[in-house]
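Before any comments, here is the structure.
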Amino acid sequence: MSTKVSPGVENQVYHGGDMKVFSPLDTMRHSAAHIMASAVLEMFPDAKFAYGPPIENGFYYDFELPRSLTPEDFPEIEKRMRRLIESGEPFVREEISRERALEMFADQPYKVETINLLPENETISIYTVGPFTDLCRGPHVENSGRIGPVKLLSLAAAYWRGDENRPQLQRLYATAWPTQGELDEYLWRLEEARKRDHRKIGKDLDLFMVSEQVGGGLVLWLPKGATIRRELENFIVRAEQRAGYKHVYTPHIGKIDLYKTSGHWQHYRDSMYSPIEVEEEEYILRPMNCPHHIVAYKHGLHSYRELPIRLAELGTVYRYEKSGELTGMSRVRGFTINDAHIFCRPDQLREEFVRVVELIQELYHAVGFRDYVYRVSLRDPADTEKYVGGDEMWAVAEDAIRDALDSIGAEYVEAVGEAAFYGPKLDVMVRDVLGREFAASTNQVDLYLPEAFELEYVDADGSRKRPAMIHRAPIGSLERFFAFLTEQHAGAFPVWLSPVQAVVIPIADRHTEYAEEVAANLRGEDIRVEVDARSERMQHKIREAQLQKVPYMLVVGDREREAGAAAVRLRSGEDLKAQPISEVLRMITKDIKERR
RNA sequence: GCCGACGUAGCUCAGUGGUAGAGCAGCUGUUUCGUAAACAGCAGGCCGCGGGUUCGAAUCCCACCGUCGGCUCCA
């Protein structure tokens with residue numbers, strides 16, 4: 001791979017409040033952002049500039065412009081960028097005084113604000129490339145000729161400093177790569193990702209739907225999607241049973257006082273629906289399952305010997321999401337969490353948390369998730385308003401998570417300010433096919449709700465003690481998990497999850513009876529099988545089974561009928577030729593058993 | 001919610017001021033076929049919804065609803 005980026009050292013750069021390391025690729029993209037800004041300035045001399053950082057697969061720049069850009073402007077901007085790149089203009093750095101900077105950028109309000117936010121002793125630098133000078137810490141490539149092929153990707157609105165009360169700017173997203181080949185490959189990957197989008201596959205394979213009539217963000221699982229969900233649920237519940245969980249069922253609504261006691265009403269109200277009045281009492285569509293499980297715990301008096309008590313439920317919750325945030329199955333208003341609440345003695349906390357992590361690992365391994373990282377989400381000590389409980393409680397809870405991870409040698413990153421209002425979290429961050437990162441699983445240590453609900457157990461000496469609590473959801477919501485799975489497999493689900501595991505394809509009508517016989521054999525082993533007895537050519541039926549990503553196609557004609565066999569075709573296109581029915585059964589049941 | 005783009009048949013899309021189209025899917029018939037699309041016919045649309053401009057609107061304008069890409073937030 002040839003690289004146009006200056007070789008060598010990674011540069012330490014102060015950016016947006018924390019120290020970040022700029023790789024050579026980031027540096028090149030950051031320089032490309034300046035080139036883009038320069039091109040935009042040529043077209044709009046009155047443009048106001050905000051920030052233009054590199055991001056994971058490219059870069060963006062935020063502008064305030066006299067009119068809205070459209071994708072039709074892209075070719076013009078790209079043309080001007082290419083001209084600047086070809087000119088090979090040097091990037092010239094200059095360090096200037098604060099006064100001089102304020103003077104230079106007097107007509108650039110966002111730059112002025114940025115300058116004023118810089119610490120007193122900070123060096124202020126500017127970079128000039130061709131006609132364009134920008135306030136910037138750098139670093140940059142030596143000259144614009146070192147910038148690789150660029151492509152503008154999309155437009156978006158973004159608030160100044162990410163604050164919805166500040167002006168809205170136009171954000172121009174673009175990408176740049178060292179070589180044309182790498183750019184082409186990235187664009188190909190984007191295209192490929194679009195093909196795998198769970199919304200597209202969900203439609204093509206009739207897995208689920210969202211209807212305007214029912215309401216945005218409210219998912220209807222169609223029979224095929226529901227089959228997959230049922231398999232997943234059974235799998236999860238069995239794994240939890242093995243791990244010592246007891247399953248409960250609780251209703252989707254509850255009295256408002258439950259949520260006032262838990263603190264949700266005070267801290268989580270923005271995500272909750274308005275109360276429902278029933279006989280002069282107010283009820284809440286639950287946004288979380290914990291209060292119900294806590295009440296279930298309080299059903300009786302618990303001995304220290306009984307703990308931990310692990311109450312699990314595939315619990316459906318409802319959260320208000322702004323209409324613009326809804327997407328397919330991954331961002332919805334009603335969803336089902338594979339939830340559980342563990343009530344344990346404080347001395348059991350660490351071990352219980354280790355078990356939680358182990359269960360996550362087991363489940364992820366079984367469904368083939370590899371690309372995930374642990375993130376410990378901590379309280380922001382500077383913003384105690386957002387959280388309940390005192391410093392000591394938080395320290396204990398945060399340490400319990402760290403200790404648990406350390407004890408099994410798991411690596412993790414820490415994120416300050418990402419905790420839930422009642423406790424720190426362990427989030428498991430997974431990347432989807434588009435490279436976006438989501439919290440697929442969140443798990444919390446909670447010492448607050450046991451207090452709020454006055455939970456107790458009876459200790460060895462007969463005294464009443466307060467248990468600790470763990471909230472855990474290894475796969476988060478079934479909806480989001482399903483979206484991940486769909487994209488990961490591009491709709492070709494493993495056999496154990498496939499809604500239709502085998503299609504029997506009779507070649508001519510006279511083979512239908514035998515086809516039914518074959519299917520009956522498979523059904524006897526609980527294999528989900530269908531017979532395609534339509535008056536269509538075999539080729540047509542194969543094509544449709546392929547498009548539906550059915551793992552096994554069993555073609556039966558005269559020869560197979562004579563031999564008591566079926567010609568096995570896999571969705572990979574592989575032809576296994578005629579196999580005895582007993583062998584077909586063996587193959588499919590083996591796949592199912594091994595979760596392949 | 002905010003900015004931008006887009007809403008035409010179940011699906012994918014054409015149609016830019018003058019009588020709504022194609023392919024696939026569906027239905028009916030014919031065909032009985034050896035590993036990714038047989039043939040013919042039929043049916044299917046308040047052109048997202050509501051206003052407006054015009055002799056005339058899928059097409060132009062306004063408002064609303066929805067979808068998509070982002071922002072913010074998040075399982």
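Within every chain, numbering begins at 1; the chains are lettered A, B, ... in the order of the sequence lines, protein sequences first and strands thereafter. Computed from heavy atoms alone, side chains included, the values below leave out hydrogens, waters and symmetry copies. The shown structure was predicted, so the numbers you read here are calculated from the model rather than taken from an experiment.
Using modelled atom types, one finds a donor on one side chain and an acceptor on the other under 3.5 Å when comparing E113(A) with W160(A). Counting only N and O atoms by type, the side chains of S154(A) and R171(A) include no donor and acceptor under 3.5 Å apart.
Sorted by residue number, the list of members of residues 221-234 of chain A with any non-hydrogen atom under 4.0 Å from RNA chain B is empty. Contacts between residues 563-571 of chain A and RNA chain B, defined by a heavy-atom separation below 4.0 Å, involve A567(A), R569(A), listed by number.
Nearest nucleotide to the R559(A) side chain, out of G34(B), C33(B), C74(B): G34(B). Minimum atom distance to the side chain of V555(A) is reached by U35(B), of the listed U35(B), A38(B), A36(B). In this structure, the nucleotide among C33(B), C71(B), C3(B) sitting nearest to the side chain of Q168(A) is C3(B). Among G69(B), U31(B), G70(B), the nucleotide with an atom closest to any side-chain atom of A157(A) is G70(B). Nearest to the side chain of Y159(A), among A36(B), C2(B), U32(B), sits C2(B). Side-chain atoms of Q539(A) lie closest to A37(B) of the nucleotides U32(B), A75(B), A37(B).
Counting to the nearest Å, the C1' atom of G69(B) and the CG atom of D197(A) are 12 Å from each other. To the nearest angstrom, C1' of C33(B) lies 10 Å from NE2 of H511(A). Taking atom CH2 of W160(A) as the reference point, atom C1' of C71(B) lies 15 Å away to the nearest angstrom. Whole-Å rounding puts the I337(A) CD1 to A75(B) P distance at 9 Å. R333(A) has its CZ atom 18 Å from the P atom of C73(B), to the nearest Å. Distance, R161(A) CZ to U72(B) P: 13 Å, rounded to whole Å. When rounded to the nearest whole Å, the span between CZ of R480(A) and C1' of A75(B) equals 5 Å. Rounded to whole angstrom, the span from the CZ atom of F74(A) across to the P atom of G69(B) amounts to 15 Å.
Stem regions annotated for RNA chain B: B:1-7 with B:65-71, B:10-13 with B:21-24, B:26-30 with B:38-42, B:50-52 with B:60-62, counting only runs of 3 or more consecutive pairs of Watson-Crick or G-U type with both contacts under 3.5 Å.
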Close N/O contacts between protein and nucleotides 7-13 of chain B (under 3.5 Å):
unit_1 : atom_1 : unit_2  : atom_2 : d
U12(B) : OP1    : K203(A) : NZ     : 3.3

What are the atom names and distances for every N/O pair under 3.5 Å that joins the protein to nucleotides 24-29 of chain B?
none

Determine all donor-acceptor pairs shorter than 3.5 Å in which one atom belongs to a side chain in residues 418-425 of chain A; sequence neighbours excluded.
unit_1  : atom_1 : unit_2  : atom_2 : d
Y422(A) : OH     : Q444(A) : OE1    : 2.8

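The base of A75(B) sits with one of its N or O atoms less than 3.5 Å from a complementary donor or acceptor on the side chain of E321(A).
Of the two residues contacting RNA chain B, namely Y173(A) and E325(A), the nearest-nucleotide position lying further toward the 5' end is that of Y173(A). Position along RNA chain B of the nearest nucleotide to R537(A) versus T442(A) favours R537(A) as the more 5'-ward residue.
An aromatic stack links F335(A) and the base of A75(B), using centre distance under 5.5 Å and interplanar angle under 30°.
Figure legend: R319(A) and Y273(A) shown without cation-pi pairing, the cationic atom not lying both under 6.0 angstrom from the six-membered ring centre and within 45 degrees of its axis.
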